[in-house]
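Here is the structure we will look at.
First the proteins, then the strands, lettered A, B, ... as listed; each starts at 1. What you are looking at is a predicted structure, and each value in this text was computed from that prediction instead of being measured.
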There are 2 protein chains.
Amino acid sequence: MERDAVLASLLRRLDAVSKLDPADIAAIRALPIAVRHWEGGRAIVSDGERPSECCLIIEGFCIRSKTTEAGQRQILSIHIPGEIPDLQSLHLRRMDHDLVTLVPSTLGFISHASLRTLTHARPNVADALWRDTLIDAAIFREWIVNVGQRPAPARLVHIALELRTRLLSVRGGAELATFEFPLTQEQIGEALGITPVHANRIIRQLREDRIVDVSRGHVRVLDETRLAELAQFDDRYLHQDPVA
Amino acid sequence: MERDAVLASLLRRLDAVSKLDPADIAAIRALPIAVRHWEGGRAIVSDGERPSECCLIIEGFCIRSKTTEAGQRQILSIHIPGEIPDLQSLHLRRMDHDLVTLVPSTLGFISHASLRTLTHARPNVADALWRDTLIDAAIFREWIVNVGQRPAPARLVHIALELRTRLLSVRGGAELATFEFPLTQEQIGEALGITPVHANRIIRQLREDRIVDVSRGHVRVLDETRLAELAQFDDRYLHQDPVA
DNA sequence: ACCGGTTCCAAACAAAGGTTAAGGATGGCG
DNA sequence: CGCCATCCTTAACCTTTGTTTGGAACCGGT
């Protein structure tokens, strides 16, 4: 996906509620963006740093994660093209977590200075970006529920269905029976708050039960009905529909 | 605590970074606020609703929570006077969780309309409020780590220490050896992602070990050193210090 | 084709936490 | 004063998840 397509998917999301006018859209399109390529598994910004720019994902996948003193890592979110996973750094000087690529990725960097100028000049754009960070927070809330309340198999399929929904809203198109999910079993464990061994157990189980097949960086849905039943996934928290 | 003191603590937090000027502060003080009293254990806004105002806590305690289809409740955050726990509703039309009082509380309601007028007229204020919602999100991130990675006793003391830190930053004053923590053991379980029985087990254990005493709606610290060791609490994620 | 490093798979055992059930303390209220 | 409701407390037993460990499959680089 190249720059224009990504900007389009970003704009589609931002436009959702605040009704950007043509001048707002033009101003966003005019933002200076420095495109850089990144290897997989490499930090974009790390806990403790004070970045001076935000990162738009043009191509690839990223995660945000925190590491405890004891050395355990918790994955907080998974990010796809069209998203700006560290937009919060615009107002929170110091990073409180890491932002890391999962796979080789193309990133677009936008300076805080230019974003601040834009948001101060155009309250509509400020609202739209603000709203985007609020959806981010809504996803964190659901992630807390996931890790706190659901048994491990439900946790996994819930995350998978969330990612599928978000991929669909960017790429468009019909239901995806197969989609990218580029996490190793160890990373799946870190996302779900379980050990890699247990992650393997439940993946194996879900495969044996012919519900989903999670392997080689992909998810393949085998039984949509039982999957929905297990995941209890309700996409309302993604706030994709502006009127809803 | 009455209205002025609460506005003061709100302003202190908002002023942290964006450096509000006197006109900004006057504009915030001029916001029309409708003060109402609320019983304990009563919803202020519920999942699915479309509120038209935000709620400033003047006196009391509130929680935010989500309930799964299976009927399990997860507490997402605990809120204290000076905070606006549903500020996100300004840009996210529909609630994706509940906001509930824990104890009898005094609340100040501010209409979305007046907030929107304010933020559009004064970018500094918009930035300050935006930043406040970003700190909210940072707390969610740490909550994910808490529920996902820490064993139950560490989860409890981590939440307690977070609340103490936030109470201190509002009320001011020296280290608190005892502070309010108005959750029942069932609610503690809902916050930590464990059953009330297990909550009781770990509370008893922490008491026997002379680390903390959690009872009758209060936390009493018995051994500050071992508490810190157990909680691994690092307040950086609260972003209280603007320069840090 | 081989090698070293990941990643995945798997089994046996241990520990944390869930379930069920029931008695006891506490506190508001008639 | 006694009643009821809520909360706390505890125990016995069961399930899920963690731990440790080892081997198999896969993959990029030489």
Side-chain angles (χ1 to χ4, degrees), chain A residues 39-42 63 68 70-75 100-104 146-158 180-209 212-220 230, chain B residues 39-42 63 68 70-75 100-104 146-158 180-209 212-220 230:
Chain A
E39 297 173 47
R42 267 283 221 288
I63 53 160
T68 66
Q72 306 155 99
R73 190 163 81 139
Q74 173 71 46
I75 292 178
V100 184
T101 53
L102 278 176
V103 296
N146 203 41
V147 173
Q149 297 298 334
R150 287 191 256 268
R155 280 185 222 178
L156 173 54
V157 295
H158 194 277
E180 290 178 80
F181 191 73
L183 304 189
T184 66
Q185 291 187 350
E186 173 153 34
Q187 290 163 338
I188 290 173
E190 290 170 347
L192 306 182
I194 60 178
T195 58
V197 175
H198 195 52
N200 178 269
R201 261 197 291 250
I202 64 176
I203 289 170
R204 205 191 323 160
Q205 190 65 48
L206 288 168
R207 188 152 48 217
E208 274 174 23
D209 294 348
V212 271
D213 181 16
V214 180
S215 59
R216 273 162 284 122
H218 288 261
V219 171
R220 196 151 59 92
L230 178 61
Chain B
E39 295 173 49
R42 268 284 220 288
I63 53 160
T68 66
Q72 306 155 98
R73 191 164 80 138
Q74 173 70 46
I75 292 178
V100 184
T101 53
L102 279 176
V103 296
N146 203 41
V147 173
Q149 297 298 334
R150 286 191 255 268
R155 280 185 221 178
L156 173 55
V157 296
H158 194 277
E180 288 178 80
F181 191 74
L183 303 190
T184 66
Q185 291 188 351
E186 173 152 35
Q187 291 163 337
I188 290 173
E190 290 169 345
L192 306 182
I194 60 179
T195 57
V197 175
H198 195 52
N200 179 272
R201 265 199 284 252
I202 64 176
I203 289 170
R204 198 197 323 166
Q205 190 64 49
L206 289 168
R207 190 152 45 215
E208 272 174 23
D209 293 348
V212 272
D213 181 16
V214 179
S215 59
R216 271 161 286 123
H218 288 260
V219 170
R220 197 150 58 92
L230 177 61

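With rounding to the nearest 0.5 Å, the separation of CG in A:Asn146 from CD in B:Gln74 is 10.5 Å.
Atom pair A:Ile194:CD1 and D:dG18:C1' shows a separation of 11 Å (rounding to whole Å applied). Atom CG of A:Leu183 and atom C1' of C:dT7 are 13 Å apart (whole Å). Rounded to whole Å, atom C1' of C:dT6 lies 15 Å from atom CD1 of A:Ile188. Residue B:Glu39 contributes atom CD, which lies 14 Å from atom P of D:dT6 at whole-angstrom precision. Computed from coordinates, the A:Asp213 CG to C:dC8 P distance equals 12 Å when rounded to whole Å. The distance between atom CG of A:Leu192 and atom P of D:dG18, rounded to the nearest whole Å, is 10 Å. What separates CG of B:Leu102 from C1' of D:dC7 is a distance of 15 Å, to the nearest Å.
A heavy-atom distance below 4.0 Å to DNA chain C is reached by these residues of residues 195-208 of chain A, ordered by number: A:Val197, A:Asn200, A:Arg201, A:Arg204, A:Arg207.
Contact annotation for B:Gly217: no contact, since no heavy-atom pair falls under 4.0 Å across all strands. In this structure, A:Gly41 reaches neither bases nor backbone, as no heavy-atom distance under 4.0 Å exists between it and the strands shown.
Across B:Ile203 and B:Leu156, no two heavy atoms sit closer than the pair CG1-CD2, 3.8 Å. Residues B:Ala199 and B:Gln185 come closest through the heavy atom pair CB-O, 3.7 Å.
Checked by atom type and distance alone, the side chain of B:Arg150 never pairs as donor or acceptor with a backbone atom of B:Arg155 at under 3.5 Å. With hydrogens and angles ignored, the 3.5 Å screen pairs a side-chain donor or acceptor of A:Gln149 with a backbone N or O of B:Arg73. Listed for the A:Thr101 side chain is no donor-acceptor partner under 3.5 Å among the backbone atoms of A:Pro104.
Five base pairs at each end of the helix from C:dA1-D:dT30 to C:dG23-D:dC8 define two local axes, and these are offset by 50° (rounded to 10°).
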Item to complete: Just do the side chain to side chain contact (heavy atoms under 4.5 Å, CB included) check on B:Ile188 and B:Ile202 with the steps written out, would you?
Response: CA-CA 11 Å; B:Ile188 290 173; B:Ile202 64 176; 5.8 Å; no
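Within 6.0 Å of atom CZ in B:Arg220, 12 or fewer heavy atoms from other residues, nucleotides or ligands are found, so the atom counts as exposed in its surroundings.
Between B:Glu186 and A:Ala152, the residue whose closest nucleotide on DNA chain D is further toward the 5' end is B:Glu186.
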Restricting to nitrogen or oxygen on both sides, can you table the protein-nucleotides 24-30 of chain C pairs closer than 3.5 Å?
none

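Counting only heavy atoms from C-beta outward, the side chains of A:Gln187 and A:Leu102 approach each other to under 4.5 Å. Between B:Leu230 and B:Leu206 there is a side-chain heavy-atom pair separated by less than 4.5 Å. Residues B:Ile63 and B:Glu190 are not in side-chain contact: their nearest non-hydrogen atoms beyond the backbone lie 4.5 Å or more apart.
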